[in-house]
Amino acid sequence: MTNLSEQEHNRYMRHLMLKEIGEKGQKKLKSARVVVVGAGGLGCPILMYLAAAGVGTIGIVDDDVVDESNLQRQILYSSQDVGKSKVEIAAQKILDMNPHIQVNKYKTRLNQQNYHQILTNYNIVVDGSDNFPTRYLVNDACVFLDKTLIYGSIFRFEGQVSVFCNSSQSPCYRCLYPEIPGKGAIPDCSQAGVIGVLPGIIAMFQATETLKYILQLGDSLSGKLLCFHALDMDMRKINIKKDVNCPACALRTIDINNYSYQTKKTIHDISCDGLFEELEKKNIKLVDVRQESEYQKQHIENSVLLPLSSIETNMPNWDKQQQLILYCYSGTRSQKALEIFREHGFYNVRSLEGGIVAWNKYIANKRN
């Protein structure tokens, strides 16, 4: 086990004073290898606390860039970071906090092609993702690779935390939620919103469980789901039973390399190829359903702005036979907008799959 330098002794003095941690515990933290999937609302505070505590090797997995709408809750970033890689900024910020740690950067979305290469190098995986396909992939990968998973999720004013230890008695995420919800079944933060402090609260619990697991202190949340509600400060724990028919941790029938981790596509989607063809025909109305600040920063040429939040109250008097193609940042809000339009008699309407993020990559590839 690696010794602590004099500087590290000074830095971690408050840990060393705790008999439950001491120098032996601090050395455990220094030897630990933790990867955080997602550098957003949950990932930012998690990374800060793990780095400050002296976790020796920290991996960061995220393919996104900083957006202005992130700044309300993603506390590692500032206005000057908008448009820059989250992984690059987060890595530099936590290294500035603690130069005694090692940070590994993975500027990619965790997927079926790279999960083995990335996660194999770590003892603990902390889930800070914000979408169901990644969440289920992380769970199944941790089961397959025998990794401990520290789970957290947020929604509006509510959050959940648990620890999935991947032991013969411990349940996994699929024991709690067996199947990936259908597309649009549960809105994300871009649709439903989230109070800015909530990710910090849930992330604090996740970081605490991570440190406890490394140090083997206290009672972990393995087999329990901690539920927190910010509006009434209600916090309770629910027991999670291991599902003897769970295809991931019990039966192990899921072939992670061949399983589909995408939520079911709707027939109302249109691909970037399809949009490109329609734009050449010039017979569509292209509608951006994001906020005005997002539209002003960047939008697809010849699109009109109609924020999702105002569609119900300001339903436009457009020709219901004209083809409408809606887009947002990643495709979630435009699906919700599509449902509203169809409820009002617009049936020739589609949503751009992957949103402007996918469109930008598509156009960049065509130019190359």
Asker: Regarding Gln335 and Asp269, is there a side-chain donor-to-acceptor distance under 3.5 Å anywhere?
Answerer: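 The answer is yes; a qualifying pair exists.
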
Asker: Is it true that, when you exclude Gln216 itself, more than 12 heavy atoms of the residues, nucleotides or ligands shown sit nearer than 6.0 Å to its CD?
Answerer: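 Yes, CD of Gln216 has more than 12 neighbouring heavy atoms, counting only those of other groups under 6.0 Å.
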
Asker: Is the closest side-chain heavy-atom distance between Phe155 and Val194 below 4.5 Å?
Answerer: no

Asker: Hey, what do you get for NZ (Lys105) to CD1 (Ile58), rounding to the nearest 0.5 Å?
Answerer: 14.0 Å

Asker: Please answer whether the main-chain N or O of Asn111 pairs with a side-chain N or O of Asn114 as donor and acceptor at a distance below 3.5 Å.
Answerer: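 Judged by distance alone, yes, a pair lies under 3.5 Å.
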
Asker: Do Leu149 and Val163 have side-chain heavy atoms sitting under 4.5 Å apart?
Answerer: no

Asker: Hey, is the main chain of Ile214 close enough, under 3.5 Å, to the side chain of Lys28 for a donor-acceptor pair?
Answerer: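 Not at all, since once roles are kept as given, no pair shorter than 3.5 Å links the two residues.
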
Asker: Just do the side-chain contact (heavy atoms from CB on, under 4.5 Å) check on Ile284 and Leu275 with the steps written out, would you?
Answerer: CA-CA 9 Å; Ile284 65 168; Leu275 175 59; 3.9 Å; yes

Asker: Can you confirm whether Gln322 is buried at CD, in the sense that more than 12 heavy atoms of other residues, nucleotides or ligands lie under 6.0 Å from that atom?
Answerer: yes

Asker: Other than Met17, what residues sit in its cluster of Ile, Leu, Val, Met, Phe, Trp and Tyr side chains whose heavy atoms are under 4.5 Å apart, directly or through others?
Answerer: Met13

Asker: When rounded to the nearest 0.5 angstrom, what distance separates NZ in Lys320 from CG in Asn348?
Answerer: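 Those atoms lie 13.5 Å apart.
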
Asker: Would you check, one step at a time, whether the test side-chain contact (heavy atoms from CB on, under 4.5 Å) holds for Ser334 with Leu352?
Answerer: CA-CA 7 Å; Ser334 57; Leu352 177 61; 5.7 Å; no

Asker: If I compare all heavy atoms of Pro316 with all of Phe341, which pair ends up nearest, and what's the gap?
Answerer: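 That closest heavy-atom pairing would be CG-CE2, 4.1 Å.
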
Asker: Test Arg333 against every option in Val289, Leu326, Leu338 by the side chain to side chain contact (heavy atoms under 4.5 Å, CB included) rule and name the one that passes.
Answerer: Val289

Asker: So, are Lys241 and Asp243 salt-bridged, with charged N and O less than 4.0 Å apart?
Answerer: no

Asker: Name every donor-acceptor pair, under 3.5 Å, that has one atom in a side chain of residues 33-52 and the other anywhere in the protein, sequence neighbours excluded.
Answerer:
from, atom 1, to, atom 2, distance (Å)
Arg33, NE, Asn121, O, 2.6

Asker: Are Ser78 and Gln80 linked by a side-chain donor-acceptor pair shorter than 3.5 Å?
Answerer: yes

Asker: Between Arg252 and Phe144 (side chain of the first, backbone of the second, donor and acceptor by atom type, cut-off under 3.5 Å), is there such a pair?
Answerer: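 No, the answer is negative, given that no donor and acceptor are paired below the 3.5 Å cut-off.
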
Asker: In Å, rounded to the nearest 0.5 Å, how long is the span from CG of Asn245 to NZ of Lys242?
Answerer: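 Rounded to the nearest 0.5 Å, the CG-NZ separation comes to 11.5 Å.
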
Asker: Which word best sums up how the rings of Tyr136 and Phe132 line up, parallel for under 30°, tilted for 30 to 60°, or perpendicular for over 60°?
Answerer: tilted

Asker: Tyr173 vs Tyr151 aromatic rings, parallel, tilted or perpendicular, using cut-offs 30° and 60°?
Answerer: tilted

Asker: Checking Asp288 now: which residues fulfil salt bridge (charged side-chain N to carboxylate O under 4.0 Å, His left out) with it, not counting sequence neighbours?
Answerer: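 Here the qualifying residues are Arg290.
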
Asker: Salt bridge check, Lys212 against Glu209: does any charged N sit closer than 4.0 Å to a carboxylate O?
Answerer: yes

Asker: At what distance, to the nearest 0.5 angstrom, does OH of Tyr12 lie from CD of Gln7?
Answerer: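 It comes to 10.5 Å.
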
Asker: Evaluate side-chain contact (heavy atoms from CB on, under 4.5 Å) for Leu308 paired with Ile340, printing each intermediate quantity in order.
Answerer: CA-CA 9 Å; Leu308 172 61; Ile340 297 173; 3.9 Å; yes

Asker: Within the supplied structure, the quantity of interest is the number of heavy atoms (other residues, nucleotides, ligands) at a distance under 6.0 Å from Arg109 CZ; does it exceed 12?
Answerer: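 Open: at most 12 neighbouring heavy atoms sit under 6.0 Å from CZ of Arg109.
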
Asker: Ignoring hydrogens and geometry beyond distance, is a side-chain donor-acceptor pair present between Asp62 and Tyr106 at under 3.5 Å?
Answerer: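 Not at all, the side chains of Asp62 and Tyr106 share no donor-acceptor pair under 3.5 Å.
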
Asker: Has Ser162 got a side-chain atom pairing as donor or acceptor with Lys224's backbone, closer than 3.5 angstrom?
Answerer: yes

Asker: Can a side-chain donor-acceptor contact be found between Asn104 and Gln102 if the only test is distance below 3.5 angstrom?
Answerer: yes

Asker: Please report the closest heavy-atom contact between Lys93 and Leu76, naming both atoms and the distance.
Answerer: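 For Lys93 versus Leu76, the nearest heavy atoms are NZ-O, 2.5 Å.
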
Asker: Ring of Phe276, cation from Lys366 - is the NZ or CZ under 6.0 Å from the centre and inside 45° of the axis?
Answerer: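 Positive - Lys366 is close enough to the ring of Phe276 and near enough to its axis.
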
Asker: Identify the heavy atoms of Val126 and Thr210 that sit nearest to each other, and give their distance.
Answerer: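 So the two residues come closest at CG2-OG1, 3.6 Å.
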
Asker: Give me the atom names and distance for the closest heavy-atom approach of Ser85 to Lys107.
Answerer: OG-CD, 3.3 Å

Asker: For the pair Ser303 and Tyr327, evaluate side-chain hydrogen bond (donor to acceptor under 3.5 Å, both in side chains) and give the outcome as yes or no after the intermediate values.
Answerer: CA-CA 9 Å; Ser303 62; Tyr327 74 90; 2.9 Å; yes

Asker: If you measure from CD on Glu158 to CG on Asp234, what distance do you get to the nearest 0.5 Å?
Answerer: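 Taking CD in Glu158 and CG in Asp234, the distance rounds to 9.5 Å.
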
Asker: Measure across Asp81 and Val66 and return the closest heavy-atom pair with its distance rounded to 0.1 Å.
Answerer: O-CB, 3.3 Å

Asker: Verify, without hydrogens or angle tests, whether Gln26 (side chain) and Leu4 (backbone) share a donor-acceptor contact under 3.5 angstrom.
Answerer: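 No, Gln26 side chain to Leu4 backbone: no donor-acceptor pair under 3.5 Å.
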
Asker: Testing the 3.5 Å rule here: is there a donor-acceptor pair between the side chains of Ser69 and Asp67?
Answerer: yes

Asker: Using modelled atom types only, decide if a donor and an acceptor are shared between the side chain of Asn360 and the backbone of Ile356 within a distance under 3.5 Å.
Answerer: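 Indeed, once roles are kept as given, a pair shorter than 3.5 Å links the two residues.
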
Asker: So does Lys285 have more than 12 non-hydrogen atoms from other groups sitting under 6.0 Å from NZ?
Answerer: yes

Asker: Side-chain donor-acceptor pair under 3.5 Å between Glu8 and Ser5, yes or no?
Answerer: yes

Asker: How about Tyr213 and Ser220: does a side-chain donor come under 3.5 Å of a side-chain acceptor?
Answerer: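 No, no side-chain donor-acceptor pair sits under 3.5 Å.
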
Asker: Step by step, would you call Lys147 with Asn123 a side-chain hydrogen bond (donor to acceptor under 3.5 Å, both in side chains)?
Answerer: CA-CA 6 Å; Lys147 305 292 182 182; Asn123 312 115; over 6 Å; no

Asker: Looking at Glu20, I'd like to know if its CD atom is crowded, meaning that more than 12 non-hydrogen atoms belonging to other residues, nucleotides or ligands lie closer than 6.0 Å.
Answerer: yes

Asker: For Lys297, does the NZ atom have more than 12 heavy-atom neighbours from other residues, nucleotides or ligands under 6.0 Å away?
Answerer: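 It does: Lys297 NZ has more than 12 such atoms within range.
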
Asker: Between Ile150 and Asp127, does the side-chain contact (heavy atoms from CB on, under 4.5 Å) criterion hold? Intermediate values first, please.
Answerer: CA-CA 6 Å; Ile150 311 295; Asp127 183 10; over 6 Å; no

Asker: So, Gln74 versus Lys86: side-chain donor-acceptor pair below 3.5 Å or not?
Answerer: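 Short answer, yes.
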
Asker: Assess, by modelled atom type and distance only, whether the side chains of Glu6 and Asn10 contain a donor and an acceptor separated by less than 3.5 Å.
Answerer: no

Asker: Is Arg174 close enough and on-axis enough to Tyr259, meaning under 6.0 Å and within 45°, for cation-pi?
Answerer: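 Here Arg174 passes the 6.0 Å and 45° test against Tyr259.
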
Asker: So, Glu23 versus His9: side-chain donor-acceptor pair below 3.5 Å or not?
Answerer: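 On atom types as modelled, these side chains qualify, holding a pair under 3.5 Å.
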
Asker: Any salt bridge between Glu278 and Arg350, counting N to O under 4.0 Å?
Answerer: yes

Asker: Nearest 0.5 Å please: distance from the SG atom of Cys249 over to the CG atom of Asn139.
Answerer: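 Going from the SG atom of Cys249 to the CG atom of Asn139 covers 7.5 Å.
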
Asker: Would you kindly say whether Tyr329 and Asp64 are connected by a side-chain donor-acceptor distance under 3.5 Å?
Answerer: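 Checked: Tyr329/Asp64 side chains pair up, N/O donor to acceptor below 3.5 Å.
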
